[in-house]
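Here the structure is laid out as structure tokens; the discussion comes afterwards.
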Amino acid sequence: MNLSRILAYTVRHLYLYKRSLPRLMEIFYWPVLDLLVWGFISIYLMRFKGDLPNFVAFFIGALILWDILFRSQQGISVSFLEDSWSRNLLNVFISPISPAEYVFSLLLVSVLKLIFASVVLVGLAWILYSFNIFTVGMDLIPLVANLIIMGWSVGIVTMSIILRFGQEAEVLAWGIAFLFQPVSAVFYPVSVLPEPLKTIAHFIPASHVFEGLRAVISGGALPLNEILWAAGLNVAYIILAILFFTWNFRTIKKKGLLVKVGE
Amino acid sequence: MTKLLQVEGLTKVFGSVRAVDGISFELMEGEILGLLGPNGAGKTTTLQMLLGLTTPTSGSVSIFGLDIKKHRQEILAKANFSSSYISMPFALTVWENLTVFAMLYEVKERKRKITELLKKFEIEELRDVPVRRLSSGQITRVSLAKSLLNDPKVLFLDEPTASLDPDIADKTRSLLQEIKEERGLSILYTSHNMKEVEELCDRVIFMNRGKVVAQGRPEEIMRDFAGSSLDDVFLKIARGKTYG
Ligand SMILES: Nc1ncnc2c1ncn2[C@@H]1O[C@H](COP(=O)(O)OP(=O)(O)O)[C@@H](O)[C@H]1O
Ligand SMILES: [Mg+2]
């Protein structure tokens, strides 16, 4: 691992956002819209259902954290797509940067992007709904860390699939996170899910994170077992994701597909 | 002269296609070697295997005396590649793109090096233009500039002049010649332009259907094939003739 090569490739993506207003907007566009719509819906619903405490906090907190998961995944897949679209992957892979270093630079880009988006979301939530996510306190750190790492696993797998199957798989870059949304129990507790989905949710790190978030927002302590579950699953999944990427990269080199990415 | 690159029994099978079929050759220090042949002959696949982008079915590639399978990173730091079928991040300017690659190759005195190359390829006035707004010929020149950033000892070029107008293509050839003479750079070059190859290459290899069908100095090959030019030889080979 060579840090300066990793940073070099992170710089490539920073230049991109400096150069492209639409791309810069894209970082904020969806989360801000989501925040507005969901925020006002929850305020509206509050008028009828006064018996669910912290209704707004539940929704807005969940929304901000969901966006972190989504960004973390998408930051990787979309950055990779940028290279594929501009027929730049060969330049990258014939340079001394290793595939692992390349992936690392994308992880770094994803974190930078989600920090930008989160700052805006957190600020807006505070201004519009007087919701201060930092009331969650230090508990936020393990929650957010677990979401970021889950996003990385999904992002690495998505990137591998696009490398292998090309353009037809590109839609995954935007869509795949939503596949996990129902079983991540983002806006409702796992207990409302039917039995089979409950079982699946158990194996999704994010569902444990959101259970944890709700416990904290309701004024309870951070449930340690949920965090440990999430962390354990994440360790297993990130290892699997890296193994999948490595295996897939080897297959692609055998099939001579690297030359054809983006076609 | 020392051997810079050695290929032995290199083979790539894609399903039922033998894209490259047991070829062997070498590239000497300071030599420009042309890799010629009709479409589908296996030139691109060969280059991709030399760069470690495609895994050979069998055979070996050694560059600087090192096996590409085991020492890929080390070899690539002193090699480079350019082609008309690749490009660069569209949104970034020429300067930004070259900066990123100079960083990837850990080039010392980055700014001086980039400025020098922009001048060499006569693209100084494009330095702050996003790649998106360049013509394909201009992109080719930026890509060639990129390929010299790390002062490579060996350069792999896959149809680098395919999208250049005759004037710029000619300038590019003179420039490659000049760079070769300046620092004994070795170049492996694929092209469809036989006149270009005659002018530029010390030696050529003709491929057809994955096999080497002729190799030698351009004038030797013309003699062997009783061709009046390499173009003539190309047609004979593409239409299935062999030696004699
Ligand atoms: N990734 C691949 N998968 C399957 N067949 C391929 C692949 N790449 C090249 N080929 C086939 O291998 C042969 C040689 O192709 P190529 O090396 O691109 O030739 P050239 O560059 O000389 O035109 C062609 O028949 C081509 O269709
Ligand atoms: Mg080709």
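None of the values given here were measured: they were computed from a predicted structure. Below, all heavy atoms of this structure are taken into account, side chains as well, without hydrogens, waters or symmetry copies. Labels below follow one simple rule: chain letters A, B, ... track the order of the sequence lines, proteins then strands, and each chain is numbered from 1.
We find the OG-CG distance between A:Ser95 and B:Leu149 to be 11.0 Å, quoted to the nearest 0.5 Å. Considering OG1 of B:Thr99 and CZ of A:Arg12, their distance stands at 13.5 Å, rounded to 0.5 Å. A distance of 8.5 Å separates CD1 in A:Ile94 from OG in B:Ser82, rounded to the nearest 0.5 Å.
Between A:Val11 and B:Glu96 there is no side-chain heavy-atom pair separated by less than 4.5 Å. At a threshold of 4.5 Å between non-hydrogen side-chain atoms, the residues B:Met88 and A:Asn91 count as touching. Side chains of B:Met103 and A:Ser4 form no contact here, defined as non-hydrogen atoms less than 4.5 Å apart. With a 4.5 Å cut-off on side-chain heavy atoms, B:Leu76 and A:Phe93 do not count as touching.
Other residues, nucleotides and ligands contribute more than 12 heavy atoms inside 6.0 Å of the CH2 atom of B:Trp95. Atom CD of B:Glu182 sits in a crowded spot, with more than 12 heavy atoms from other residues, nucleotides or ligands closer than 6.0 Å. More than 12 heavy atoms of other residues, nucleotides or ligands sit less than 6.0 Å from atom CZ of B:Phe64. For A:Met25, the CE atom sits in a loose shell: 12 or fewer heavy atoms of surrounding residues, nucleotides or ligands are nearer than 6.0 Å. Annotation: A:Tyr29, atom OH; neighbour count of heavy atoms from other residues, nucleotides and ligands within 6.0 Å does not exceed 12. Atom CZ of A:Phe104 is surrounded by 12 or fewer heavy atoms from other residues, nucleotides or ligands within 6.0 Å. For B:Lys153, the NZ atom sits in a loose shell: 12 or fewer heavy atoms of surrounding residues, nucleotides or ligands are nearer than 6.0 Å.
In terms of non-hydrogen atom pairs under 4.5 Å with chain B, the most contact-rich of A:Arg250, A:Arg23, A:Lys255 is A:Lys255. Note on B:Ala91, B:Pro89, B:Ala102: by heavy-atom pairs under 4.5 Å with chain A, the leading option is B:Pro89. Considering only heavy-atom pairs separated by less than 4.5 Å from chain B, the leading option among A:Ile6, A:Leu7, A:Val92, A:Leu90 is A:Leu90. Most heavy-atom pairs under 4.5 Å with chain A: of the set B:Asn80, B:Thr44, B:Leu92, this distinction falls to B:Leu92. Ranked by heavy-atom pairs under 4.5 Å with chain A, the list B:Arg132, B:Glu106, B:Lys146, B:Lys12 is led by B:Glu106.
Of all the heavy atoms in B:Ala77 and A:Pro96, the pair that sits closest is CA-CG, 3.7 Å. Among all heavy-atom pairs drawn from A:Trp85 and B:Phe90, the shortest one is O-CE1, 3.7 Å.
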Stepwise side chain to side chain contact (heavy atoms under 4.5 Å, CB included) test for B:Gln48 and A:Lys253: CA-CA 9 Å; B:Gln48 300 308 323; A:Lys253 281 168 101 173; over 6 Å; no
B:Ile86/A:Asn88 under side chain to side chain contact (heavy atoms under 4.5 Å, CB included): CA gap, chis, key distance, verdict: CA-CA 6 Å; B:Ile86 57 177; A:Asn88 188 44; over 6 Å; no
A:Leu258 vs B:Thr54, side chain to side chain contact (heavy atoms under 4.5 Å, CB included): CA-CA, chis, key distance, verdict: CA-CA 8 Å; A:Leu258 223 41; B:Thr54 295; 5.9 Å; no
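By the salt bridge (charged side-chain N to carboxylate O under 4.0 Å, His left out) test, A:Asp67 pairs with A:Arg71, sequence neighbours left out.
When heavy atoms are compared at a cutoff of 4.5 Å, B:Phe14 approaches chain A solely by way of its side chain, counted from C-beta outward. Interface remark: B:Gln73 contributes backbone and side-chain atoms alike to the contact with chain A (heavy atom separation under 4.5 Å). In this structure, no portion of B:Phe156 lies under 4.5 Å from any heavy atom of chain A. Neither the backbone nor the side chain of B:Ser83 comes within less than 4.5 Å of any heavy atom in chain A. Heavy-atom distances place no part of B:Lys78 under 4.5 Å from chain A, backbone and side chain included.
Counting only residues at least two apart or on different chains, the salt bridge (Lys or Arg N to Asp or Glu O under 4.0 Å) pairs with a member in residues 88-108 of chain A are A:Arg5-A:Glu101.
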